[in-house]
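The next block holds one structure in the form of structure tokens; read it before the comments.
Fair warning: this is a prediction, and the values are worked out from it, not measured in the lab. Note that the numbering runs from 1 along the sequence shown for the chain.
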Amino acid sequence: MITVEDSVLVLLAAGRSRRMGDVGSKLDEPFLGRPLGLHVAVALEDMPFRERVAVVGRADCDYAAHGFTLVRNDDPQLGMGRSLALGVACARAHGVRGIVVALADMPRVTATHILRLLDAAEGDDAVVASSDGRSPGPPAVFGRARFDALERLEGDAGARDLVRAGRHVVTAPAELIDVDTAEDLQRLRALVHAPEARRHPR
């Protein structure tokens, strides 16, 4: 397995929020009393990663306050592949065996699930992704033998092909909720009885 101590957390937080409407960045939207984009940072803050890297765009989330090194993606229109390549380049400098890639718009990811992904990563060429039992996706773990391929990624597809061909660890679908639209956020607020759901009744 790849240990937490021998890995870097790469948090992708530079999306353009195109499907969210006129809200600036969806990551700044309130959810359970804090910005949506900070939930995964808080959930994983006690895990002893070698380093934490947040690839950021226009969101105001204070990742530095949660121990992250910030890497700015000045060309978010180039897609998730660009953000991932920037994060991998930063992680490579630390000489670690692997990276954990998480998305800032997935606020219900838990440390327990991340540990399961790392436990399933058996070597330097490991690719271990999350699954709701139907399709794989982030969060995901990549061994260092995959870094070159990750740095060459382009567009919004990101590491989709690598993930599909890798190992998959199933968890509850509710943990893998990805907030892309205003409707997604409202459904999530209603699911967990968030106070924001009462303040935004649509």
Side-chain angles (χ1 to χ4, degrees), residues 1-15 25-56 59-71 83-84 86-122 124 126-132 136-144 147 150 167-179 185 188-189 191-196:
M1 71 176 185
I2 296 174
T3 65
V4 180
E5 295 83 356
D6 206 8
S7 60
V8 168
L9 173 61
V10 176
L11 181 64
L12 304 184
S25 172
K26 64 183 175 183
L27 301 182
D28 296 325
E29 289 291 290
F31 175 60
L32 292 176
R34 66 166 51 100
L36 176 76
L38 281 182
H39 279 265
V40 65
V42 172
L44 307 183
E45 65 183 354
D46 290 333
M47 299 185 73
F49 291 103
R50 181 86 60 88
E51 176 65 289
R52 299 163 192 271
V53 177
V55 183
V56 299
D60 292 328
C61 295
D62 189 359
Y63 293 110
H66 294 275
F68 284 81
T69 296
L70 304 185
V71 176
S83 288
L84 187 50
L86 288 169
V88 171
C90 188
R92 189 193 289 275
H94 292 276
V96 291
R97 286 194 63 206
I99 61 170
V100 175
V101 177
L103 305 188
D105 62 0
M106 296 179 70
R108 304 202 74 202
V109 170
T110 65
T112 298
H113 180 60
I114 298 298
L115 287 173
R116 292 179 62 215
L117 294 175
L118 287 164
D119 285 345
E122 296 181 345
D124 290 347
V127 177
V128 182
S130 304
S131 175
D132 59 3
V141 173
F142 299 92
R144 61 187 168 194
F147 288 1
L150 292 175
R167 187 171 182 181
H168 305 150
V169 175
V170 176
T171 191
E175 183 170 350
L176 301 179
I177 290 174
D178 186 343
V179 177
L185 181 55
L188 176 59
R189 286 168 170 163
L191 177 68
V192 301
H193 306 290
E196 297 88 0

- Message: Looking at every non-hydrogen atom in both residues, tell me the closest pair between Asp119 and Met1 and how far apart they are.
- Response: OD1-SD, 3.0 Å

- Arg50 side chain to His94 main-chain N or O, any donor-acceptor pair under 3.5 Å? yes

- Message: Run the side chain to side chain contact (heavy atoms under 4.5 Å, CB included) test against Thr69 and tell me which residues pass, sequence neighbours left out.
- Response: Glu51

- Task: Can you sort out the partners of Thr110 under side-chain hydrogen bond (donor to acceptor under 3.5 Å, both in side chains), two or more places apart, ordered by chain and number?
- Result: Glu175

- What pair of heavy atoms forms the shortest contact from Cys90 to Val53, and how long is it? SG-CG2, 3.6 Å

- With a 4.5 Å heavy-atom cut-off, do Ser130 and Val170 have their side chains touching? no

- Value for OG1 (Thr171) from CZ (Arg108), rounded to nearest 0.5 Å, stands at 10.5 Å

- Item | Nearest heavy-atom neighbours spanning Ala111 and Ala43 | CB-O, 3.9 Å

- Is Val4 close to Leu115 at the side-chain level, that is, under 4.5 Å between some pair of heavy atoms? yes

- Between Val100 and Ser7, the two heavy atoms sitting closest are CG2-OG, 4.4 Å

- Message: Counting C-beta onward and ignoring hydrogens, is there a side-chain heavy-atom pair between Leu27 and Asp105 closer than 4.5 Å?
- Response: yes

- Query: How long is the gap from CG on Asp28 to CG on Asp60, to the nearest 0.5 Å?
  - Reply: 4.5 Å

- Query: Arg167 side chain to Ala120 main-chain N or O, any donor-acceptor pair under 3.5 Å?
  - Reply: yes

- Taking the side chain from Tyr63 and the backbone from Arg52, do they hold a donor-acceptor pair closer than 3.5 Å? no

- Message: Could you tell me if the side chain of Glu29 sits less than 4.5 Å from the side chain of Val179, heavy atoms only?
- Response: no

- Smallest heavy-atom separation, Ile177 atom then Pro107 atom, equals O-CD, 3.8 Å

- Item | Summary of side chain to side chain donor-acceptor pair (under 3.5 Å) pairs that have at least one residue in residues 34-45, sequence neighbours excluded | Glu45-His66

- So how far is it from Leu11 CG to Phe68 CZ, rounded to the nearest 0.5 Å? 5.0 Å

- Value rounded to 0.5 Å, distance of NE2 in His168 from CG in Leu117: 11.0 Å

- Identify which one of Val40, Leu176, Val101, Leu103 satisfies the side chain to side chain contact (heavy atoms under 4.5 Å, CB included) criterion when paired with Pro139. Leu176

- Item | Interatomic spacing from CG in Leu188 to CE in Met106 - rounded to 0.5 Å | 11.0 Å

- Task: Determine whether Ile2 and Arg144 make a side-chain contact, defined as any pair of heavy atoms from C-beta on separated by less than 4.5 Å.
- Result: no

- Message: So Leu38 and Phe31, do their side chains get closer than 4.5 Å, heavy atoms only?
- Response: no

- Message: Let me confirm one number: the NE2-CG distance from His113 to Leu44, rounded to the nearest 0.5 Å.
- Response: 10.5 Å

- Do Arg189 and Pro30 come close enough that some side-chain heavy atom pair is under 4.5 Å? yes

- Task: State, to 0.1 Å, how close Phe147 and Phe142 come at their nearest heavy-atom pair, and which atoms those are.
- Result: CE1-O, 3.8 Å

